[in-house]
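Here's the structure, in structure tokens; my notes come after.
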Protein chains: 2
Amino acid sequence: MPGEAREHLLARVVDRMAEQGVSALSLRRLAADVGTSHRMLIYHFGSKEGLLVEVVREIESRQRSALSTMEIDPAVQPADAIRGMWRRLADPALWPYERLFFELYGQAVQGYPGTTALLEGVVESWLDLNVELAARRGVPAEVARTHARLGLAVIRGLLLDLLATGDRAGTDAALEAFAAGYEAGLPGLPGPRNGADS
Amino acid sequence: MPGEAREHLLARVVDRMAEQGVSALSLRRLAADVGTSHRMLIYHFGSKEGLLVEVVREIESRQRSALSTMEIDPAVQPADAIRGMWRRLADPALWPYERLFFELYGQAVQGYPGTTALLEGVVESWLDLNVELAARRGVPAEVARTHARLGLAVIRGLLLDLLATGDRAGTDAALEAFAAGYEAGLPGLPGPRNGADS
DNA sequence: CGGTACATGTACCACTTGGTACACGAGTGG
DNA sequence: CCACTCGTGTACCAAGTGGTACATGTACCG
């Protein structure tokens, strides 16, 4: 089942899915929108589920590459890193892909076959990256993990908000509040224990 | 299309959906699992979409009631409020309903018919509640809105994490880091502007 | 030339889907 | 007793589903 036109197909399929959603998906409709026959989709991907697997892989890979394009510069402060990240992700041009991501996430969490692969690394890979970056600044791994987890949650949560409400100003303000508070109080973590407590 | 056994049906349908997911839903399977015929579901709810609408309404109402059961005590500090909220929501017993919530959210954001109603108030109602509570403590509305937005994002984001990874200890630690940081730095918001800036 | 791998179109299949038609039974009020 | 509504079961429908069989085209390679 190798191929080269297959890649083009996949790209077009992902774009189409980003526009129309996964649930309202039938091989025939999809194929028509993309300019093929449903026969070809099955030929290239084996089955509908196989297609979904590939789509998930693709958006995972796009996510990962977006991640690696990020400022690996250890000089940039965490608060600014999260600001930059948000600025990038909140761009309306990316909304369709984020909608698709959350739709797949929602189905993956329900155990829908093919999508479950999305869950592996959907959190961990980000944490690992942050641990590595923080290490160069001398931050202990456990602290970096926890903070990365929090930052990721803030961004995903606000993205969820943004996609539902469209309120760019409101979500921007909330993120700024987080970043500012982070600069002010978090880095040393004055209060209670900060690492893993179990 | 009124009825009283209808309510029982709806409750059972929601429970079943929480276990099995919405996408893998056919009126027939659902009816069989719930102990009726697909004929009855259509009789009571008019159509599949009508059923979905009702399900969305139901889980919205459950969410709202869970919200109103929350500590309305203005004496409890915001950081403790978010801790209590998290403790309540992170309970594995609620996971099926949260999976269902995120699945529906994912489809709603894609414009899937019937689910879109979920988006109205899915953020705003929480903000409004917090504004009201904060007012009794003298916090200006705009600040309360922004902070509530952030807190909601943290909780939803961490919930997304928890459902994907199952890492209770890790997500607990991240939330504690947020709550502690909030106590330490946020309330006065020392840094930049905090309200809406647009 | 011929073979062989990739690619594609046509036709078909069994099955499931949401929805409907219709008959039937139980209860209730005139 | 009749009429009427509510609830339910059986049977059916057209449309669409994912998947397959098979024939065909197109290219490169020996």
Side-chain angles (χ1 to χ4, degrees), chain A residues 1-17 19-58 100 103-104 107-108 110-117, chain B residues 1-17 19-58 100 103-104 107-108 110-117:
Chain A
M1 55 188 74
E4 176 258 354
R6 192 183 110 122
E7 305 305 320
H8 295 151
L9 257 189
L10 185 55
R12 269 181 293 170
V13 164
V14 168
D15 287 346
R16 228 41 173 183
M17 273 192 180
E19 295 172 13
Q20 314 202 336
V22 190
S23 321
L25 160 141
S26 94
L27 289 185
R28 287 175 158 87
R29 261 200 59 97
L30 194 57
D33 290 349
V34 142
T36 338
S37 63
H38 85 291
R39 173 66 180 73
M40 280 301 97
L41 292 181
I42 288 198
Y43 173 70
H44 284 296
F45 303 101
S47 70
K48 183 183 182 178
E49 186 180 323
L51 212 198
L52 239 189
V53 168
E54 223 65 22
V55 167
V56 167
R57 245 187 258 284
E58 173 73 9
L100 178 58
E103 187 186 5
L104 286 171
Q107 301 205 187
Q110 286 282 16
Y112 193 79
T115 60
T116 28
Chain B
M1 56 186 73
E4 177 258 357
R6 193 183 109 122
E7 306 303 321
H8 296 150
L9 256 189
L10 184 55
R12 271 181 292 170
V13 164
V14 169
D15 288 346
R16 227 42 173 180
M17 273 192 181
E19 295 171 12
Q20 315 203 332
V22 190
S23 320
L25 161 141
S26 93
L27 289 186
R28 287 174 157 85
R29 261 200 59 96
L30 194 57
D33 290 349
V34 141
T36 337
S37 64
H38 85 289
R39 173 67 179 72
M40 280 302 98
L41 291 180
I42 290 200
Y43 173 70
H44 284 296
F45 303 100
S47 69
K48 183 184 182 177
E49 187 181 322
L51 213 199
L52 239 188
V53 168
E54 223 65 21
V55 167
V56 167
R57 243 187 259 285
E58 173 74 9
L100 178 58
E103 189 186 4
L104 286 171
Q107 301 203 186
Q110 286 282 18
Y112 194 80
T115 60
T116 28

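Letters A, B, ... are given to chains in the order of the sequence lines, protein chains preceding strands, and every chain is numbered from 1.
- Within residues 27-34 of chain A, the residues that have a heavy atom under 4.0 Å from DNA chain D are, in order of number, A:L27, A:R28.
- Counting only heavy atoms from C-beta outward, the side chains of B:L10 and B:F45 approach each other to under 4.5 Å.
- Between the CG atom of B:L9 and the P atom of D:dC6 there is a distance of 16 Å, rounded to whole Å.
- Pairing each heavy atom of B:E103 with each of B:S23, the nearest pair is OE2-OG, 2.6 Å.
- Atom pair A:E7:CD and C:dA7:C1' shows a separation of 15 Å (rounding to whole Å applied).
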Short N/O separations, protein against nucleotides 23-28 of chain C, under 3.5 angstrom:
none

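- To the nearest 0.5 Å, atoms CZ (A:R16) and CZ (A:R29) are separated by 9.0 Å.
- Proximity of B:S37 to the phosphate of D:dG9: a side-chain N or O atom is located under 4.0 Å from OP1 or OP2.
- Counting to the nearest Å, the C1' atom of C:dG9 and the CD1 atom of A:I42 are 14 Å from each other.
- Between B:S26 and C:dT17 there is a side-chain polar atom (N or O) within less than 4.0 angstrom of OP1 or OP2.
- For D:dT8, the OP1/OP2 oxygens have a side-chain nitrogen or oxygen of B:H44 closer than 4.0 Å.
- The distance from atom OH of A:Y43 to atom C1' of D:dA21 is 15 Å, rounded to the nearest whole Å.
- Distance check: A:Q20 CD to A:L100 CG gives 11.5 Å after rounding to the nearest 0.5 Å.
- Residues B:L25 and B:K48 have side chains in contact (heavy-atom distance under 4.5 Å, counting atoms from C-beta outward).
- With hydrogens and angles ignored, a donor-acceptor pair closer than 3.5 Å exists between the side chain of A:H38 and the base of D:dG19.
- A:F45 has its CZ atom 15 Å from the P atom of D:dG18, to the nearest Å.
- Between the side chain of B:R28 and the backbone N or O of B:H38, no donor-acceptor pair lies under 3.5 Å.
- One interatomic measurement links the two molecules: CG of A:L41 to C1' of C:dG9, which rounds to 14 Å at whole-angstrom precision.
- Atoms CE (B:M40) and C1' (C:dG18) sit 15 Å apart, rounded to a whole Å.
- Comparing A:K48 and B:T36, the nucleotide of DNA chain D nearest to each residue sits closer to the 5' end for B:T36.
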Stepwise, does the side-chain contact (heavy atoms from CB on, under 4.5 Å) test hold for A:L104 with A:Y112? CA-CA 9 Å; A:L104 286 171; A:Y112 193 79; over 6 Å; no
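- To the nearest 0.5 angstrom, A:E19 atom CD is 8.5 Å from A:D33 atom CG.
- Between B:V56 and B:T115, the closest heavy-atom pair is CG2-CA, 4.0 Å.
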